[in-house]
Amino acid sequence: MSIFDDLAHQYIDGEWLAGTGSWDIIDVNPYNGEKLAAITVATVEQVDLAYRSAERAQREWAATSPYARRAVLERALRITEEREKEIVEAMIDELGGTRPKAEYEVHLAKEFIRESIQLAIRPEGRILASPVDGKENRVQRLPVGVVTVISPFNFPFLVTMKSLAPALALGNAVVIKPNQSAPVVGGGLIAKVFEDAGLPAGLLNVLVTDIAEIGDALLTHPVPKVISFAGSDRVGRHVGSVAARHFKRTVLELSGNSALVVLDDADLDYAVDAAVFSRFVYQGQVCMAANRILVDASIAEEFTEKFTTRVRGLKTGDPHEADTHIGPLINSFQADALTALVDQAVASGAQALVRGSTRGNLVEPTVLAGLPEDSPLLGQEIFGPVALLVVFDGEDEAVRLTNATPYGLSGAVHTRDVERGVRFAQRIETGMIHVNDSTIGDEPLAAFGGEKASGLGRLNGDATIEAFTTQKWISVQHGRTTFPF
C-alpha cells in the first residue's frame, strides 16, 4: 500500500472515511499521468459532521493548558522530521515539483511548526486604565473557535501548516479543504502527522470535495469563525464576499504579479541569478513569482544576454531527477492555456527571446520582450514558466511600471546601494518587497500578505495571533458606580 492508498480519504472526528458523494476526485501524477488515488467527494452532510465535531472538540481544547497544546505540536514536528523523505517523495509525485522545491517546502513548514510551538504560550492578557474610579479593565485574548483552511495546490503542505499549526496552538479547531490536485499532501498526510502526534479527535478534519458537490457550505456553515484562503483572486473575491455576508473573518492570500527590478547599479550576475529563480522555481506556479523583470535601459542588453543564456540552460523533465529545473505544470488545462497565452502574445507582436515547446504537461521556459505597455499579459498573473522582460528609463519610470498592476503581493529590487533600494521599495504598492533578493520569501515572524487584489489580512508572527484569536473586555468595578438615574 502506498501513502496515497492509505491517506486518500476524508478525515472526520478522528476517523478515516469514504466520501458519501456520487463521484470521485482523481489524484494524478502530473509528470507521467499515473493515477495516484481516487477519492469520493465529501457531501454537505459530511461538512456538517466535520464542523460539529470540531466545535465540540474545540471547547475542551481551548480549556487545555497551553503547555499541553505545545507538547502536541512538538510531537508533530518530530514526526515531520522523521518522515521528511517520505513527505518529499509524495510531494514530487503529487505536485510535480522538483526535489529542491519539495525539500524547501518541508523545511519551511517545520520552521512554522517551531514558531507555533512558542505561539501556544505567547498570548497575554492586559490590564487597561479606566477613567472611571474604582474600575479595572481586563482584556483577554481567546481562540476564535473553528478555523477553515482552504489551501492551494502549489505549496499545500506549507500553506496549510502556516494556518493550521498556529490555529491549533492558540486553542482553535481546524477544518481543511485541500486543493483537488493536492488532496494527500495538503490534507491526509497532514492529518496523519497530527493524529500520530496525539491531537484529540475532532480538532482537525479534512474534507476532500468540490463546490460542485457542496456549493458554499464550507463558507456559510454557522460554526467556522475565520476562513483562511490561499488561491486566485477570482475565487478569493467570492470567498471574501460570502464570508462577509455571514460575519466571518477572512485571511486571503491571493494572486500576484510581482516585478523584479534591476536598477542601473545592480550586480548583474547576482540579479540574473535572483531573476531566474524568482521566475522559474516550481515552473513559475508561485503567487510571489516574478512575472515581470524590469531592467534599466543602460544595462538591458547585457542583462538580457546573461538572463536568456541562463534560461536556455534550464532542464525541463522528470522532477525526480536531480538535474531537473523545470517539472510539469499541474495539469493539461494549465499547460494548454499557458501555451495559448504565449502564442497569442507572439502573434500580437511580442518578441520571443527564448521560446519553449510544450510536451504534455511539460512546458519549457519562454522569455518574451517588446510587449506594449498596455498588453494584458503585463497586468495579469502568469502561472507558468514564462518571463516578461520590460526595459525602463530611470527610477521613476520603474516605479510607475512596477505599480501598473491590480496586484501587490511581492517584489524585489536590485542595486548596489542598499538605502537606494529601500527608498525604491517604499514607493512600491505591495505587501512585501525584498532588496537584493528573490521575490519569493516567507519567514515565520515577518508579516505575510498582499495589497490591492492580492489579498486581505496577514499571517506569521504577531499577525497570526490577530488572525486566529479574538479579544474580550471584562471590566471589574471594585467601588461603586454612580448612575444618572
Side-chain angles (χ1 to χ4, degrees), residues 1-8 25-38 83-109 152-159 178-186 188-189 273 275-286 289-290 308-342 354-367 382-387 438 440:
M1 297 287 283
S2 74
I3 190 173
F4 295 97
D5 294 323
D6 293 339
L7 303 179
I25 287 172
I26 307 301
D27 191 15
V28 176
N29 181 318
Y31 173 67
N32 59 23
E34 176 189 354
K35 177 182 173 181
L36 301 173
R83 300 175 186 172
E84 185 164 353
K85 290 183 179 179
E86 183 181 22
I87 295 171
V88 165
E89 293 300 323
M91 284 181 176
I92 297 171
D93 285 338
E94 189 170 60
L95 311 179
T98 61
R99 188 170 302 279
K101 181 268 182 187
E103 290 172 345
Y104 171 77
E105 181 171 355
V106 178
H107 163 75
L108 201 51
F153 75 82
N154 54 353
F155 285 85
F157 191 79
L158 169 62
V159 173
N179 187 279
Q180 288 181 211
S181 295
V184 171
V185 171
L189 193 153
D273 289 343
V276 171
F277 174 82
S278 297
R279 178 59 265 180
F280 296 108
V281 66
Y282 189 44
Q283 295 78 268
Q285 299 174 123
V286 184
T308 53
T309 297
R310 284 288 309 281
V311 172
R312 289 189 186 96
L314 297 176
K315 178 187 173 182
T316 303
D318 186 346
H320 277 283
E321 295 181 359
D323 61 345
T324 295
H325 301 102
I326 308 288
L329 294 190
I330 194 64
N331 54 46
S332 59
F333 175 83
Q334 296 293 339
D336 293 344
L338 184 68
T339 302
L341 201 66
V342 171
V354 179
R355 182 72 181 273
S357 63
T358 299
R359 308 186 308 277
N361 292 348
L362 291 174
V363 180
E364 295 176 336
T366 290
V367 179
I382 303 174
F383 233 50
V386 177
S438 167
I440 298 170

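Keep in mind that this is a model prediction, so the values were computed, not measured.
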### Message
Using a strict threshold of under 4.0 Å (side-chain N to carboxylate O), is an ion pair present between Lys101 and Glu105?
### Response
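A salt bridge is present here (some side-chain N lies under 4.0 Å from a carboxylate O).
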[Y] and [X], any side-chain heavy atoms less than 4.5 Å apart:
{"X": "Asp273", "Y": "Arg310", "value": "yes"}
{"X": "Ile440", "Y": "Val281", "value": "yes"}
{"X": "Met91", "Y": "Pro156", "value": "no"}
{"X": "Glu86", "Y": "Leu189", "value": "no"}
{"X": "Ile92", "Y": "Tyr31", "value": "no"}
{"X": "Val276", "Y": "His325", "value": "no"}

### Task
Using modelled atom types only, decide if a donor and an acceptor are shared between the side chain of Arg279 and the backbone of Pro385 within a distance under 3.5 Å.
no
### Message
Under the criterion side chain to side chain contact (heavy atoms under 4.5 Å, CB included), I'd like the reasoning laid out for Asp93 against Glu34: C-alpha separation, chi angles, the key distance, then a yes or no.
### Response
CA-CA 9 Å; Asp93 285 338; Glu34 176 189 354; over 6 Å; no
Could you pull out the closest heavy-atom pair between [X] and [Y], with the gap in Å?
{"X": "Leu108", "Y": "Leu158", "answer": "CD2-CD2, 3.7 Å"}
{"X": "Glu94", "Y": "Pro183", "answer": "OE2-CD, 3.3 Å"}
{"X": "Pro365", "Y": "Val311", "answer": "CB-CG1, 3.5 Å"}
{"X": "Phe155", "Y": "Val286", "answer": "CE1-CG2, 3.7 Å"}
{"X": "Asn154", "Y": "Leu95", "answer": "O-CD1, 4.1 Å"}
{"X": "Leu36", "Y": "Phe4", "answer": "O-CB, 3.4 Å"}

Nearest 0.5 Å, what's the [atom1]-[atom2] distance between [X] and [Y]?
{"X": "Thr98", "Y": "Asp318", "atom1": "OG1", "atom2": "CG", "value": "11.0 Å"}
{"X": "Arg355", "Y": "Arg312", "atom1": "CZ", "atom2": "CZ", "value": "13.5 Å"}
{"X": "Arg83", "Y": "Ile3", "atom1": "CZ", "atom2": "CD1", "value": "8.5 Å"}
{"X": "Gln180", "Y": "Ile26", "atom1": "CD", "atom2": "CD1", "value": "10.5 Å"}
{"X": "Tyr282", "Y": "Tyr104", "atom1": "OH", "atom2": "OH", "value": "15.0 Å"}

#### Entry: Partner residues of Arg359 under the salt bridge (Lys or Arg N to Asp or Glu O under 4.0 Å) criterion, sequence neighbours left out
Glu364
### Task
Quick one: do Gln283 and Val363 satisfy side chain to side chain contact (heavy atoms under 4.5 Å, CB included)? Show the steps, please.
CA-CA 8 Å; Gln283 295 78 268; Val363 180; over 6 Å; no
Please list, one pair per line, the donor and acceptor atoms closer than 3.5 Å that link side chains of residues 327-341 to other protein atoms, with sequence neighbours excluded.
residue, atom, partner, partner atom, Å
Asn331, OD1, Phe333, N, 3.2
Asn331, OD1, Gln334, N, 2.8
Thr339, OG1, Ala335, O, 2.8
Thr339, OG1, Thr358, OG1, 2.7

